[in-house]
Student: 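Okay, here's the structure, questions in a sec.
Naming: A, B, ... by sequence-line order, numbering from 1 per chain. Computed from a predicted structure; not experimentally measured.
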There are 2 protein chains.
Amino acid sequence: MKSSTQTLTQKIRVVLAEDQSMLRGALAALLSIETDIEVLGSFPNGEQALQAVAKHRPHVLVTDIEMPMMSGLELTGRVKELYPETRVLILTTFARPGYLRRALEAGACGYLLKDRPSEELADAVRQVSRGARVVDPQLASEIWSAEKDPLTDRERLILRRAGEGETTAELARSLRLSEGTVRNYLSEAISKLGASNRIEAARIARNKGWL
Amino acid sequence: MKSSTQTLTQKIRVVLAEDQSMLRGALAALLSIETDIEVLGSFPNGEQALQAVAKHRPHVLVTDIEMPMMSGLELTGRVKELYPETRVLILTTFARPGYLRRALEAGACGYLLKDRPSEELADAVRQVSRGARVVDPQLASEIWSAEKDPLTDRERLILRRAGEGETTAELARSLRLSEGTVRNYLSEAISKLGASNRIEAARIARNKGWL
DNA sequence: CGGAACTGATGACAAGTGTCATTGTGATGC
DNA sequence: GCATCACAATGACACTTGTCATCAGTTCCG
């Protein structure tokens, strides 16, 4: 009764969180084909998925990272905190060491990339439900070699917004800072990232998953 | 024998093109569940898909737009040119009138968004195979109201590269133009798009599918 | 043929951006 | 208690960017 492994008579109960409808439906279909997996429900955002986890207490939660309302990383943290029996498998497009690190810190048991073959998904779900860790091997090795985000909170915030086209003056106004201060933060960020202007700096930071 | 509609004994033959493995596999699974649809193969880029179309002459080609090697729009054009019997259904993330217009111009019969429910896919495939047009209704109405790309080739090229962080000087050098000319193109693009700087202009153009 | 549109250039000015040195505050940590 | 760091500011300087008027060659269309 209190065994944590799945027996043949006991299906692996899964909840899905993925914001893109087509993929959400297709993944549900894919997992439902497996005889040892049962999809309890699939949801387009973190909040709904969290409620479903509260209600169904699934063995495994499969979740995307970038979703509206509540991100997959936030969701992972909440689930680990409230329902630690539920194992979390992250399924994302982004091969960014930054995301992987944050996912593991939040308590995820697996990190699978969307450009892996679809056959790996059911397998990953099984492994995670058994208590094993499943992390993309290429990414796992990068996490140690990868430098970590050198930006401070303020630098990150300002760089993100500057990278979307907000001008120094607009940023200063909306953050109640002087223009000089804003330019100082940007200058710091640019030099930390080895860029030659705010646009390139924002691009670099985005690619590393730091924004 | 020469009837173009599918009878009950004749499955709809489908080829899939989608660069993200997980989605590709999941979509294939989703379509294979349908008893009247047969997935002949699925491919990660336009070139391989084109070869598959040449070989199998499917009723329907379901393709993404943004793919390496050959984009879905280019693929659509080639297929319509070489194998006009094969109907093309575009399946994409992007609700951009610009993409829809280009897709229809290239000869696509359908345009379905990835954030539509997965149940609609099989239905869209059936409709398209019957010769019907399937276009997202919201998007279809936007296409008429939507303004078309006001940028010239040069403006577009320069704006794209500027939006990735290249400076005026770098652009001038690599395009063999004077810096003044580069700034003129950017200034024109910025004013045409109603932006207040190159970053915002690039963002606007990207969102409309013009870059 | 003449006009329109695209491309490319120049010069000048205003505005915005990136850099640096320097100063100060508060919080965290050994 | 003193060092370190994030946060915030100032002033000054050089450089980049955005704007505008203006000109000229090419191509294409009616």
Student: Does the base of C:dT22 carry an N or O that pairs as donor and acceptor with the side chain of A:Asn184 under 3.5 Å?
Tutor: no
Student: Any side-chain heavy-atom pair from A:Asp115 and A:Thr93 closer than 4.5 angstrom?
Tutor: no
Student: Assign A:Thr181 to base, sugar-phosphate, or nothing according to its heavy-atom contacts below 4.0 angstrom with the strands shown.
Tutor: base
Student: Mind calculating the distance between CG (A:Asp153) and P (C:dG26) to the nearest angstrom?
Tutor: 20 Å
Student: Could you state the atom-to-atom distance from CD1 of B:Ile199 to P of D:dT16 in whole Å?
Tutor: 16 Å
Student: If you find the nucleotide of DNA chain C closest to B:Arg183 and the one closest to B:Arg154, which residue's nucleotide is nearer the 5' end?
Tutor: B:Arg154
Student: More 5' along DNA chain D: A:Val182 or A:Lys192, using each one's nearest nucleotide?
Tutor: A:Lys192
Student: Is there a side-chain contact between B:Leu91 and B:Lys114, using heavy atoms and a 4.5 Å cut-off?
Tutor: yes
Student: Answer whether the closest heavy-atom distance between the side chains of A:Arg198 and A:Thr168 falls below 4.5 Å.
Tutor: yes
Student: Nearest-Å distance, CG (A:Leu171) to P (D:dA9)?
Tutor: 13 Å
Student: Within this structure, what is the CD-to-C1' distance between B:Glu188 and D:dG18, rounded to whole angstrom?
Tutor: 12 Å
Student: Between atom CG in A:Leu151 and atom C1' in D:dC7, what is the gap in whole Å?
Tutor: 15 Å
Student: At 4.0 Å (heavy atoms only), tell me whether A:Asn197 reaches a base, stays on the sugar-phosphate, or touches nothing.
Tutor: sugar-phosphate
Student: Does a nitrogen or oxygen in the side chain of B:Thr152 sit under 4.0 Å from OP1 or OP2 of C:dA5?
Tutor: no
Student: Does some side-chain heavy atom of A:His59 sit less than 4.5 Å from a side-chain heavy atom of A:Thr86?
Tutor: no
Student: Can you find a side chain N or O atom of B:Ser187 that sits less than 4.0 Å from OP1 or OP2 on D:dT19?
Tutor: yes
Student: Atom CD1 of B:Ile158 to atom C1' of C:dA9: distance rounded to whole Å?
Tutor: 13 Å
Student: Rounded to whole Å, please give me the gap between CG in A:Leu177 and C1' in C:dG24.
Tutor: 16 Å
Student: Considering only NZ, NE, NH1 and NH2 on the basic side and carboxylate oxygens on the acidic side, decide whether B:Arg156 and B:Asp149 come within less than 4.0 Å.
Tutor: yes
Student: Taking only the side-chain nitrogens and oxygens of B:Thr167, find out if one of them lies under 4.0 Å from OP1 or OP2 of D:dT16.
Tutor: no
Student: Hey, does the side chain of A:Tyr185 come within less than 4.0 Å of D:dC7's phosphate (OP1/OP2), counting only N and O?
Tutor: no
Student: Could you tell me the separation between the CG atom of A:Leu159 and the C1' atom of C:dG18, rounded to a whole number of Å?
Tutor: 14 Å
